[in-house]
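Bear in mind that the values here come from a model prediction, so they are computed numbers and not experimental data.
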Amino acid sequence: MSGTSKKRLSTTTSGMKSMPGESPWPKRLGALVGISVVIGLVALMLFNSDPISGVPEGTETIAVTTAEHINGTIYRQGEVPAGGAMDAAWANCGYYDAPFRTENVVHSLEHGAVWISYVPDLDSDQIDRLKRFTGGVDKVLVSPVPGQDAQIIATAWGFQLKLTDANDQRLEQFVNEFERGRNAPEAGALCRSGVGNPIG
């Protein structure tokens, strides 16, 4: 061995080499940051997928021939219209735990709302699922309708989807497609400052 000593590179436990006297931590932290970024991107891809869109299978198109304002009762108990004659006042969007006057809700449909109606004896966990649709959007109204002919009915102006399960992915798809009402006569109008006091 020659008299000239050679400085040897020290090897850290992570396998990265550092010069003598140089701290290995900046390199370690850089590697950790890189790994964290990759994990974050994977998580975004997994959990922030695009919302389900398009008209869901089973949606019925319903011809609506009028949007006239009429005083008094227009609709029978259990009837869930997809537009038509309505009261001059619209219903405020949100969740209601009691039936709401149909004539007012139809006016909300004219403003681009989606109405999710359900039978009053629907299981409580199903109702809780329906409530969630009023949490993140402006124009969804959820209320019970005694006597309607399906467990759950999603209605927009001119469109309707009948379901048996609140967890059916088509319900979310319907809301994504029709909330703010692309076909509603007054899609840009409000779904608040009307009548009713939603509880959620």
Side-chain angles (χ1 to χ4, degrees), residues 50-56 59 61-62 64-120 122 124 126-148 150-163 166-168 170-200:
D50 291 335
I52 309 165
S53 61
V55 178
T59 299
T61 302
I62 299 171
V64 180
T65 59
T66 183
E68 184 180 4
H69 290 181
I70 296 176
N71 293 324
T73 301
I74 304 167
Y75 301 104
R76 304 181 308 276
Q77 182 176 340
E79 188 174 1
V80 183
M86 68 194 80
D87 193 274
W90 60 88
N92 293 322
C93 284
Y95 169 72
Y96 295 88
D97 62 355
F100 203 93
R101 190 164 176 266
T102 301
E103 289 78 7
N104 300 107
V105 179
V106 172
H107 196 151
S108 300
L109 297 179
E110 185 193 31
H111 288 191
V114 169
W115 180 18
I116 302 174
S117 58
Y118 63 92
V119 292
L122 193 68
S124 60
Q126 296 272 302
I127 294 173
D128 288 341
R129 168 65 178 156
L130 298 180
K131 287 181 190 177
R132 293 185 202 137
F133 285 98
T134 65
V137 293
D138 293 329
K139 293 188 173 182
V140 174
L141 189 150
V142 177
S143 70
V145 174
Q148 71 175 30
Q151 293 285 97
I152 299 163
I153 303 177
T155 305
W157 190 272
F159 297 93
Q160 196 164 79
L161 176 64
K162 297 179 179 180
L163 301 165
N167 293 301
D168 191 320
R170 292 177 297 161
L171 181 56
E172 180 182 352
Q173 186 177 352
F174 189 96
V175 172
N176 291 343
E177 182 69 16
F178 295 113
E179 190 257 339
R180 298 182 182 275
R182 58 178 186 170
N183 293 321
E186 297 180 9
L190 296 175
C191 199
R192 58 184 184 278
S193 302
V195 296
N197 297 300
I199 61 175

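- Taking the side chain as every heavy atom from C-beta outward, Trp157 and Val106 approach each other to under 4.5 Å.
- Here the CD atom belonging to Gln173 is positioned 7.5 Å from the OG1 atom belonging to Thr59, to the nearest 0.5 angstrom.
- The two residues Thr102 and Pro81 make their nearest non-hydrogen contact at CG2-CD, 3.6 Å.
- In this structure Gln151 satisfies the side-chain hydrogen bond (donor to acceptor under 3.5 Å, both in side chains) test with no other residue, sequence neighbours excluded.
- Residues passing the side-chain hydrogen bond (donor to acceptor under 3.5 Å, both in side chains) test with Gln148, sequence neighbours excluded: Ser117.
- The shortest heavy-atom contact between Pro99 and Pro146 is CG-CD, 3.7 Å.
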**Request:** Verify side chain to side chain contact (heavy atoms under 4.5 Å, CB included) between Ile116 and Val175, making sure each step is shown before the conclusion.
**Result:** CA-CA 9 Å; Ile116 302 174; Val175 172; 4.1 Å; yes

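- Once rounded to the nearest 0.5 Å, the distance linking CD1 of Ile127 with CZ of Arg132 reads 12.5 Å.
- With hydrogens and angles ignored, the 3.5 Å screen pairs no side-chain donor or acceptor of Asn176 with any backbone N or O of Ser53.
- Annotation: side chain to side chain donor-acceptor pair (under 3.5 Å) contacts involving residues 185-198, sequence neighbours excluded, comprise His111-Glu186.
- Listed by chain and residue number, Arg180 satisfy the salt bridge (Lys or Arg N to Asp or Glu O under 4.0 Å) test with Asp138 (two or more places apart in sequence, or in another chain).
- Scanning for side chain to side chain contact (heavy atoms under 4.5 Å, CB included) contacts around Val137 gives Val140, Glu179, with sequence neighbours left out.
- Going from atom CE of Met86 over to atom OG1 of Thr66 covers 7.0 Å, rounded to the nearest 0.5 Å.
- When all heavy atoms of Val114 and Ala156 are compared, the pair lying nearest together is CG2-CB, 4.4 Å.
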**Request:** Please report the C-alpha distance between Thr61 and Phe159 in whole Å, then the side-chain angles of each, then the deciding distance to 0.1 Å, and finally whether the side chain to side chain contact (heavy atoms under 4.5 Å, CB included) criterion is met.
**Result:** CA-CA 5 Å; Thr61 302; Phe159 297 93; 3.6 Å; yes

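- Partners of Asp97 under the side chain to side chain contact (heavy atoms under 4.5 Å, CB included) rule, at least two apart in sequence or in another chain, are Tyr95, Ile199.
- In this view, Tyr96 and Phe100 satisfy the ring-ring contact (aromatic ring centres under 6.0 Å, His included) rule, not counting sequence neighbours.
- For residues 71-81, the salt bridge (Lys or Arg N to Asp or Glu O under 4.0 Å) pairs, not counting sequence neighbours, are Arg76-Glu79.
- Between atom CG of residue Leu171 and atom CG of residue Leu130 there is a gap of 6.5 Å, rounded to the nearest 0.5 Å.
- Crowding of Asp128 atom CG: a count of heavy atoms from other residues, nucleotides or ligands under 6.0 Å exceeding 12.
- Scanning for ring-ring contact (aromatic ring centres under 6.0 Å, His included) contacts around Tyr118 gives an empty result, with sequence neighbours left out.
- Note that CG of Leu161 is 9.0 Å distant from CZ of Phe178, once rounded to the nearest 0.5 Å.
- Under the side-chain hydrogen bond (donor to acceptor under 3.5 Å, both in side chains) criterion, Arg129 pairs with no residue at all, not counting sequence neighbours.
- Every pair passing salt bridge (Lys or Arg N to Asp or Glu O under 4.0 Å) that includes a residue from residues 98-107 is listed here, sequence neighbours excluded: Asp87-Arg101, Arg101-Glu103.
- For Ala113 against Cys191, the heavy-atom pair with the smallest separation is CB-SG, 4.0 Å.
- Shown here are the side-chain hydrogen bond (donor to acceptor under 3.5 Å, both in side chains) partners of Asp168, two or more places apart in sequence or in another chain: Arg170.
- Smallest separation of non-hydrogen atoms from Ile70 and Ala85: CD1-CB, 3.5 Å.
- Heavy-atom minimum distance, Tyr75 versus Gly83: OH-O, 3.8 Å.
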